[in-house]
Amino acid sequence: MQARDRQIAALGTERSTDVDVFKLASLTQTEQFYSNVLRDLLESDLPFMIGGGYAVNLYTHARFPTNDLDIFTTAAEFPRLLSHLQRNNRVSADESWLGKVHRGRDFVDVIFGSSNGAVPVQEEWFQYAVQAQVLGHCVPVINPTELIWSKAFIQKRIRHDGVDIVHLILKQREAIDWQRLIMYMNPHWEILLCHLLTFRWIYPSERDAIPDWLLDDLLERLSRQREGPPPATKLCRGRLLSSSDYRSATEKWGFLNVEDECGNER
């Protein structure tokens with residue numbers, strides 16, 4: 001059985017688009033709103049994947065409850081999805097990376113990138129998606145590999161998704177494509193190394209979840225980096241993690257803001 005098949009078996013889903021009527025009957029009003037949005041998208045045949053907290057819950061059963069529903073699509077398909085959902089809902093958009101579908105205080109995020117611009121959703125992500133039951137519907141869910149990548153930079157004072165990454169490694173180690181992950185994170189390999197070391201510290205008995213070759217590769221990069229001098233220019237890349245938490249570095253302490261290399265975080 002291949003890793004992708006193990007994922008599907010672990011989620012206990014069937015490869016169909018049939019609605020689970022029993023599950024729909026037990027949904028809260030908020031969940032019913034989310035379910036209606038999913039039904040609308042399935043009927044429209046527009047490309048999307050489930051990410052965020054619902055995806056983490058499916059893969060780990062460790063993050064309850066979730067306070068919103070995250071839908072991922074590409075930048076090219078984003079206008080079509082939002083226009084379609086606008087027929088029955090109030091919507092708003094930040095054209096740089098996401099839109100929101102509103103009903104009262106409840107909302108669904110439609111995401112095609114990241115707040116810092118470093119993690120655009122790619123068409124290739126869809127070929128790795130896993131079918132799973134979410135709110136009574138069989139829908140594509142973002143693969144654990146891309147899910148980790150989508151969360152790698154979310155490290156703010158008020159929100160840090162490192163725990164999600166740790167638990168994804170713990171529960172989906174065989175399903176993660178480490179080669180693909182390091183390809184995504186190659187320009188930011190130190191961030192990946194930080195997440196891996198955090199996992200090793202939290203779960204020391206599970207250190208073998210991380211391939212030796214991957215850790216060797218990253219530690220060799222660190223060794224080579226230490227042999228050279230630090231950059232002559234005072235740089236702060238912290239605003240790729242949080243524009244607000246590292247504002248003093250660029251506004252008071254004389255560090256160059258490099259967030260514009262990937263986009264502007266809002």
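Note that this is a predicted model, so its numbers are computed, not measured.
- Not counting sequence neighbours, the partners of Arg157 by the side-chain contact (heavy atoms from CB on, under 4.5 Å) test are Asp245.
- Remark: Asp212 CG is loosely packed, at most 12 non-hydrogen atoms of other residues, nucleotides or ligands lying under 6.0 Å away.
- At least one side-chain heavy atom of Ile71 sits under 4.5 Å from a side-chain heavy atom of Val108.
- In this structure, the side-chain hydrogen bond (donor to acceptor under 3.5 Å, both in side chains) partners of Glu220, at least two apart in sequence or on a different chain, are Arg224.
- Listed by first then second residue, pairs satisfying salt bridge (Lys or Arg N to Asp or Glu O under 4.0 Å) with a partner in residues 178-188 read Glu146-Arg180, Asp177-Arg180, not counting sequence neighbours.
- Among pairs with a residue in residues 181-192, those fulfilling salt bridge (Lys or Arg N to Asp or Glu O under 4.0 Å) read Glu190-Arg237, at least two apart in sequence or across chains.
- Counting Ile, Leu, Val, Met, Phe, Trp and Tyr side chains that sit under 4.5 Å apart, directly or through other members, Trp253 shares a hydrophobic cluster with Phe255.
- Taking the side-chain hydrogen bond (donor to acceptor under 3.5 Å, both in side chains) definition, one finds that His102 meets it with Ser92, sequence neighbours left out.
- Residue pairs meeting the ring-ring contact (aromatic ring centres under 6.0 Å, His included) criterion with at least one partner in residues 153-173, sequence neighbours excluded, are Trp149-Phe153, Phe153-His188.
- Minimum interatomic distance between Ala175 and Asn143 (heavy atoms only, all atoms of both residues): O-OD1, 4.2 Å.
- Within the 4.5 Å cutoff, side-chain heavy atoms of Leu81 are placed close to those of Leu41.
- Partners of Arg173 by side-chain contact (heavy atoms from CB on, under 4.5 Å), not counting sequence neighbours, listed by chain and number: Leu170, Glu206, Asp208, Ala209.
- Applying the ring pair (Phe, Tyr, Trp, His ring centres under 6.0 Å) test to Phe112 and every residue at least two apart in sequence or in another chain returns Phe78.
- With sequence neighbours left out, Asp68 forms a side-chain contact (heavy atoms from CB on, under 4.5 Å) with Tyr34, Asp70, Phe107, Asp109.
- With sequence neighbours left out, Thr74 forms a side-chain contact (heavy atoms from CB on, under 4.5 Å) with Ala76, Glu77, Val121, Glu123, Phe126.
- Every residue meeting the side-chain hydrogen bond (donor to acceptor under 3.5 Å, both in side chains) condition with Asn186, not counting sequence neighbours, appears here in chain and number order: Arg221.
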